[in-house]
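Here is the structure we will look at.
Order of the sequence lines fixes the chain letters, A, B, ..., with proteins taken first and strands second; residue numbering starts at 1 for each chain.
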Amino acid sequence: MAHHPADETSEYDVARIQEKWQAIWDDLQPFSTRDDGDKRPRKYVLDMFPYPSGDLHMGHAEAYALGDIIARYWRQQGFNVLHPIGWDSFGLPAENAAIKRGIDPRPWTEDNIAQQKKSMKQYAASFDWDRVLHTSDPGFYRWNQWLFLKMFESGLAYRKASWVNWCPKDQTVLANEQVVDGACERCGTTVVKKKLTQWYFKITDYADRLLDDLNQLEGFWPAKVLAMQRNWIGRSQGADVDFLIEGRDEPLSVFTTRPDTLFGATFMVVAPDSELAAELVAGASTEVQENFAAYLADVQKNTEIERQDASREKTGVFLDRWAINPVNGERVPIWSADYVLADYGHGAIMAVPAHDQRDLDFARKFDLPVRVVVDTNAPITGAIPIIVDGELPDDLPPLDPAGTGVALAGDGRMINSGPLDGLSKSNAIARMIELLESNGTGRRATNFRLRDWLISRQRFWGTPIPIIHAHDGSLIPVPDEQLPLELPSAEGLDLSPKGTSPLGGDAEWMSVTNPVDGTPAQRDPDTMDTFVDSSWYFLRFLNPNDPTQAFDPREAEKWAPVDQYIGGVTHAILHLLYARFITKVLYDMGYVTFTEPFSALLNQGMVLMDGSAMSKSKGNLVRLSEQIEEHGVDAIRLTMAFAGPPEDDIDWADVAPHASAKFLARAWRLARDVTSAPDVEWKNGDRDLRRVTHQLLADAPGLIEAFKFNVVVARIMELVNATRKAIDSGPGGADPAVREAAETVALCLSLFAPYTAEEMWEALGYPPTVALYGWRKADPTLLVADSVTCVVQVDGKLRDRLKVSPSIAPAELERLARALPAVARTVGDREIANVIVRAPRLVNLVTRQRGETSPSQ
RNA sequence: GCCCCCGUAGCCCAAUUGGCAGAGGCAGACGACUUAAAAUCGUCACAGUGAGGGUUCGACCCCCUCCGGGGGCACCA
């Protein structure tokens, strides 16, 4: 009782404790990573940085609780842990709030950051507060501009005119990744197509590496995220095939994954919105041109949602042009239809209706020929159809896709295909590619679903693109000494969405002198996608205030890549793909020595209320500030950790923060009830309690590293219960084992409930701070039980138990088991056929009827 | 349509990866303390693992089929 100051109440007063320790931590700065002479091994633990729209919410509370457990864990294990935080402070919410209130986005953003920072400190997140960054800070986005210019120099940033996704509400273009089910990811408005000249990053140059390097992350990233990334990149292997076009000099190339079916190509289709279609139709009759123009107009009225509806009727027009099949010299008609996409492959396909469902649907609609070239009923080694007793079954489906309407997509043997006849699908593909390559009419080819990353935005609140448009149309980088190219004040600017960049309305800002020849020129009025900011911010944390470089490569060598990244699965594709891409670009440029930015990834689930995501409109919003007010920070953090596996969603209706608070008070009371001095000899303590303590010391690290935080909390509860029992009805509060147990509880709790842990640690007679006190190793002699329970089974059923030494010999164990009365009774007059002994845990006696030599049939 | 994940007490979740189904918590019942209540402390009850089949001496765990829930991709040639 002597170890806590008398002037403090004996109540567990959450508000008082929180205030007290925030002041101490501010003073001691226990989580700073400034010391260059630090010889400890390093860990970089990073939480995805928040968007400063309002105060922290329950989702932040979960993410930052989990990230903080990991950061505190590695510190406790003796690592020098870098755990920084910053704000993703550019973007639409600030801009929209500014428009709504008629103010500049800056103060709104700054207020929110100040609020969130205060809340994070209260939440006891162990961030290094010396390394804060904001992406809307010119000191940060200056290096965004540097990155852009590096990309521009190396040809990875380029402008092109194309049909882009356009959100009519936000009045801005969207990256492919920001279009979900044909609607704007942000506001849900149906996205339309618009032809614009925009800036792109050439991520497709890295498609192979982005896909192949995912293998390195296997086991360290959630399998789900790896699958989503692989799906998104969508690599297809096949061949390009060149078709001659009558009346055209250049052949037309198509991409196909099924070059084996080239003999079955009966028509070609080009995307209506492609250059190719326009060119082909230009040489056709007036009637065809009119038909095509009408069709194209029709297609462009369709929204993405309508176009992606695969069940809708096929549409198209004949272009009255003809192509020559390079393998059999056949003339095939060329059609245009919107089921072919302009920006995939070559914007044109060879149609093989017998073996492709889309082509078959089209052929049936427009009465085009269907020719089967793969006998999908012919037997293939290891594939269907199944041969029964050496005979083919006689109920095989007919090879009549035109009649049945079902394309024959399966494997089989080639027919009607000249030199390919008799080959299996995979052999025919290989053979056809050889043929095409030797004739010079085709070649092996790969295509990706992934498109280049559209990075320009027609909005104000983002990084200005550092390019000057000369009067002759040439693109000139803003000279380095003129960076940062700062955003002007929003005052007097019309930020409201109108389809053109607000910056374009600032004539003074827009006008610039061409740095090459001194002539008048214009700035680029667009700003960058905020995903550019977050694609490299983890490197900026290494020297967040360095005015001379984006990051110090030597610091990157020390700390990067990020050892543990923590964030929501909502960023499984976009942010992670872009960060992986930019990391590879920086690697190629020689700035970093690694190719993947995040060595390990943990996705936390969502916090729900009554089964669905919280929202004001649903009326199921739980306010973090109110939860903290009611239960305390520690109880909320603990509840987040204890609710279940981190990647599972937490339904706040299913968890009990008040129970966490009760448990923490219970733990805290242990420290108060310890009556021995800090220097007692633990080895004289109660052995049973010590065993529980040391079992936890032995198991906790592995459980934390496996992210089984809920299990660790359960085990701490177990130790608290055992300690309570020892105090109240065991050896009592003076027993050294009770002190050892209470100290262990404090050490473990410091990961989850820092305030309670500090308070206990102080009450137990130690100076601050428990967060920097190292982990204690378990005593192996306390991990071996004096005796273990051995299960005795007869025919797999539990019949009795034995208390035996852990080191008992199998033969001895079997003898003891056979001698048990319950065993003898169960075996009866049956004969023991087999004995399985897994000393010291289990004996299983397998019996059979006397006289039988083998188990009955 | 294709691919992936998950189904364990009323509820949230464990189970050393094939060896006693229960660590922990919520909710519940009972008891102690109290004039009473709250808080606290203690005791107790509750499932045979979504269904069916298979492999095995032995299956929550591995295999197959089905049911239920969740997620990703999808006119990408």
Inset, instruction - Check whether the ring centres of A:Phe362 and A:Phe267 lie less than 6.0 Å apart, and answer yes or no. - result: yes
Inset, instruction - Test for a donor-acceptor pair under 3.5 Å between the base of B:G1 and the side chain of A:Gln357, counting only N and O atoms. - result: no
Legend entry - Cation-pi, A:Phe366 ring and A:Lys314 (6.0 angstrom, 45 degrees): no
Legend entry - Complementary nucleotide for B:A27 - Watson-Crick or wobble, under 3.5 Å: none
Legend entry - Any-strand Watson-Crick or G-U partner of B:A59, both distances under 3.5 Å: none
Inset, instruction - Ignoring backbone atoms, test whether A:Asn721 places a side-chain nitrogen or oxygen under 4.0 Å from the OP1 or OP2 oxygen of B:G25. - result: yes
Inset, instruction - Have a look at A:Ala656 and say if it touches a base, only the backbone sugar-phosphate, or nothing, with a 4.0 Å heavy-atom cut-off. - result: sugar-phosphate
Legend entry - B:A38 - base-pair partner by Watson-Crick or wobble geometry, distances under 3.5 Å: none
Inset, instruction - Determine the contact category for A:Asn710: base if any of its heavy atoms lies under 4.0 Å from a base atom, sugar-phosphate if only primed atoms, P, OP1 or OP2 are that close, otherwise nothing. - result: sugar-phosphate
Inset, instruction - Using the six-membered ring wherever Trp is involved, compare the ring planes of A:His631 and A:His658 and label them parallel, tilted or perpendicular (cut-offs 30° and 60°). - result: tilted
Inset, instruction - Report yes if a side-chain nitrogen or oxygen of A:Arg669 is closer than 4.0 Å to either non-bridging phosphate oxygen (OP1 or OP2) of B:C41; otherwise report no. - result: yes
Legend entry - Under 4.0 angstrom between A:Ser236 side-chain N/O and B:A77 OP1 or OP2: yes
Legend entry - Sugar-phosphate, base or nothing in reach of A:Val340, heavy atoms under 4.0 Å: base
Inset, instruction - Would you classify A:Ser660 as touching base, sugar-phosphate or nothing, given that sugar-phosphate means primed atoms plus P, OP1 and OP2, and contacts are heavy atoms under 4.0 Å? - result: nothing
Inset, instruction - Report yes if at least one side-chain N or O of A:Arg666 is closer than 4.0 Å to OP1 or OP2 of B:G42; otherwise report no. - result: yes
Legend entry - Electrostatic pair A:Arg258-A:Asp260, nearest N-O below 4.0 angstrom: yes
Legend entry - Nearest-angstrom distance from the residue atom CG of A:Leu798 to C1' of B:C57: 15 Å
Inset, instruction - Would you indicate, yes or no, if B:A15 has its OP1 or OP2 atom less than 4.0 angstrom from a side-chain nitrogen or oxygen of A:Lys708? - result: yes
Inset, instruction - Describe the nucleic acid contact of A:Leu842 in one word from base, sugar-phosphate, nothing, applying a heavy-atom distance below 4.0 Å. - result: base
Inset, instruction - Considering only NZ, NE, NH1 and NH2 on the basic side and carboxylate oxygens on the acidic side, decide whether A:Asp728 and A:Arg724 come within less than 4.0 Å. - result: yes
Inset, instruction - Answer yes or no: does a side-chain N or O of A:His658 lie under 4.0 Å from OP1 or OP2 of B:A38? - result: no
Inset, instruction - Report which part of the nucleic acid A:Val791 touches: base, sugar-phosphate, or nothing (heavy-atom distance under 4.0 Å, all strands). - result: base
Legend entry - Phosphate OP1/OP2 of B:U43: any A:Lys725 side-chain N/O under 4.0 Å: yes
Inset, instruction - Using only heavy-atom distances, decide whether a donor-acceptor pair under 3.5 angstrom links the side-chain of A:Asn231 to the base of B:C73. - result: no
Inset, instruction - Kindly point out which of B:C57, B:A77, B:C41 is positioned nearest to the side chain of A:Phe255? - result: B:A77
Inset, instruction - Using a 4.0 Å heavy-atom cut-off across all strands, classify A:Lys662 as base, sugar-phosphate, or nothing. - result: sugar-phosphate
